[in-house]
Amino acid sequence: MNTPSAGVRLADVIAVLEAAYPPQLAQDWDSVGLVCGDPDEPVESVTIAVDATADVIAEVPDRGLLLAHHPLLLRGVDTVAASTAKGALIHRLIRTGRALFTAHTNADSANPGVSDALAETLGLRVEDVLSPVAAGPNLDKWVVFVPAADADALREALFAAGAGRIGDYSHCSWSVAGTGQFLPHDGASPAIGEVGTVEQVSEDRVEVIAPARLRAKVLAAMRAAHPYEEPAFDILPLAPIPGDVGIGRIASLPEPEPLSAFVRRVRAALPPTSWGVRASGDPDAVVSRVAVCGGAGDSLLGAVTAAGVQAYVTADLRHHPADEHRRASDVALVDVAHWASEFPWCAQAAGVLRKHFSDALPVRVCEVRTDPWNVESLEEHES
């Protein structure tokens, strides 16, 4: 084994992992990133596993990093005392200079990510994202009606407030001329026209986009620059633009095959578990396009139905959602163990680190099975 370079700091490894699995892709309820360890200290090895269990931690060398998919500390954590089960693991890591880093739902959504690894293991070709995450911030379209003579000043005010940026371009807007009409009533102080008289004014319709988070700032700038005491304007939230990241993947088989053969493909490709592989559907139905989602995926059954696939591979399918899906859809379901569906990601993450650090940092996938379902029935069931 090559001696690891003293120049590889934990911070260097974190930078590579966060580039591959951006933390901003994580769900808001999730907990990802560094759990314990000093970013400025050197790291001598990386061990990758789905879960940070005691057996897995026992295989992590001193001064090594454990990269885990599932968070060790997630909901309701208010102590890491050594007298608690999880706290004892944290203390064991810290005492020997070992670090723990988690990439969870950010690794699920990244491209490539958990579902890409699952698809590759099954011999599938990924074509699309099943449930895309929006590319970029939430945007508003602003439509403001303003006298033509004041349009330039209004645009400049909107731009200064952060509106009108599209990619690497700024000061973006669109305008068209028209005629505005209004009737001022008692109490009004019209900038143009008189109370009680219908007024028609040559106006421009000015359109810009702006991040939704700047809505209050853009509104204040628009009102300050507009000559009317009651400007006419619209704020239209825009539908998110799908990106190439998100949960689940849509993929195709090299050649169409019956569902029964596809289920055998899944069983042969994934590590064996006591959970096994369960399927629901017509065994003779031809499968050519499938959806896959590493981890629990019954929340995506609606997206699966609309995806134009013949089968869906995921984990932790519950009775009632599966039953309702099969009543309303012809898409077959293939249910595997949660751990087995995510274990292929470990090799993917190892490849990311090996590509960057080469021989400077030993990287290995932990083969310990962390599937909590560990007792198999030995009975033979007659068909």
Side-chain angles (χ1 to χ4, degrees), residues 10 13-37 39 46-57 60 64-77 80 85-87 89-90 93 98-121 129-134 243-249 270-271 292-300 313-317 336-353 363 365-366 368-372:
L10 178 56
V13 181
I14 290 174
V16 173
L17 291 173
E18 290 189 340
Y21 310 113
Q24 63 267 25
L25 293 179
Q27 300 290 312
D28 56 9
W29 51 263
D30 201 4
S31 177
V32 302
L34 188 62
V35 179
C36 67
V46 179
T47 302
I48 306 173
V50 175
D51 300 280
T53 66
D55 289 342
V56 168
I57 288 174
V60 179
L65 166 66
L66 172 58
L67 168 60
H69 180 51
H70 290 148
L72 178 63
L73 308 176
L74 186 58
R75 299 183 181 89
V77 176
V80 289
K86 293 185 177 182
L89 298 180
I90 295 293
L93 290 167
R98 291 176 288 180
L100 174 61
F101 186 91
T102 298
H104 190 210
T105 54
N106 51 326
D108 290 333
S109 287
N111 186 3
V114 170
S115 292
D116 297 282
L118 174 59
E120 181 180 357
T121 297
V129 180
L130 178 60
S131 179
V133 173
D244 62 353
V245 298
I247 304 296
R249 296 293 185 265
L270 296 181
V292 299
C293 177
D298 61 14
S299 63
L300 297 178
V313 182
T314 190
D316 296 347
L317 288 176
V336 304
H338 191 120
W339 169 81
S341 73
E342 295 178 329
F343 183 70
W345 169 79
C346 296
Q348 179 197 96
V352 169
L353 294 174
V363 178
V365 173
C366 180
V368 172
R369 188 175 84 168
T370 60
D371 182 7

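One-based numbering along the sequence shown. Bear in mind the structure is a predicted one, so any value in this text is a computation, not a measurement.
The only option from Leu66, Thr47, Leu100 that meets the side-chain contact (heavy atoms from CB on, under 4.5 Å) definition with Ile57 turns out to be Leu66.
For Gly37 against Ala99, the heavy-atom pair with the smallest separation is CA-CB, 3.9 Å. Closest non-hydrogen pair, Ile48 versus Ala349, comes out as CD1-C, 3.8 Å.
By the side chain to side chain contact (heavy atoms under 4.5 Å, CB included) test, Val245 is found to be paired with Leu25, Asn111, Val133, residues two or more places apart in sequence or in another chain being considered. Residues passing the side chain to side chain contact (heavy atoms under 4.5 Å, CB included) test with Val368 are Asp55, Val56, Glu59, Cys366, Thr370, sequence neighbours excluded. With sequence neighbours left out, Tyr21 forms a ring-ring contact (aromatic ring centres under 6.0 Å, His included) with Trp345. Taking Ala26 as the reference, Asp30, Val32, Thr105, Asn106 meet the side chain to side chain contact (heavy atoms under 4.5 Å, CB included) condition, with sequence neighbours excluded. Residues forming a side-chain hydrogen bond (donor to acceptor under 3.5 Å, both in side chains) with Arg98 (at least two apart in sequence, or on another chain): Thr96. Listed by chain and number, the residues in a side chain to side chain contact (heavy atoms under 4.5 Å, CB included) with Thr121 are Ala269, Leu270, Pro344 (sequence neighbours excluded).
With Thr314 contributing its side chain and Gly295 its backbone, the two residues share a donor-acceptor pair below 3.5 Å. Judged purely by atom type and a 3.5 angstrom limit, His69 uses its side chain to pair as donor or acceptor with the backbone of Ala103. Side-chain N or O atoms of Lys86 include one that pairs as donor or acceptor with a backbone N or O of Leu72 at under 3.5 Å.
The neighbour count for Gln348 CD, taken as heavy atoms of other residues, nucleotides or ligands under 6.0 Å away, is above 12.
In this structure, Leu89 CG and Leu73 CG are separated by 9.5 Å, a value rounded to the nearest 0.5 Å. To the nearest 0.5 Å, atoms SG (Cys293) and CG (Asp108) are separated by 7.0 Å. Expressed to the nearest 0.5 Å, how far OG of Ser115 lies from CD of Glu120 amounts to 13.0 Å.
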Let's go through Ile247 and Leu300 carefully: what are the C-alpha distance in whole Å and the side-chain angles of both, what is the deciding distance for side chain to side chain contact (heavy atoms under 4.5 Å, CB included) to 0.1 Å, and is it a yes or a no?
CA-CA 9 Å; Ile247 304 296; Leu300 297 178; 3.6 Å; yes
task: Please lay out, stage by stage, how Thr102 and His70 fare under the test side chain to side chain contact (heavy atoms under 4.5 Å, CB included).
output: CA-CA 7 Å; Thr102 298; His70 290 148; over 6 Å; no
Leu10/Phe101 under side chain to side chain contact (heavy atoms under 4.5 Å, CB included): CA gap, chis, key distance, verdict:
CA-CA 10 Å; Leu10 178 56; Phe101 186 91; 5.9 Å; no
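Two residues are said to be in side-chain contact when any heavy atoms from C-beta on lie closer than 4.5 Å; Trp29 and Arg75 meet this criterion.
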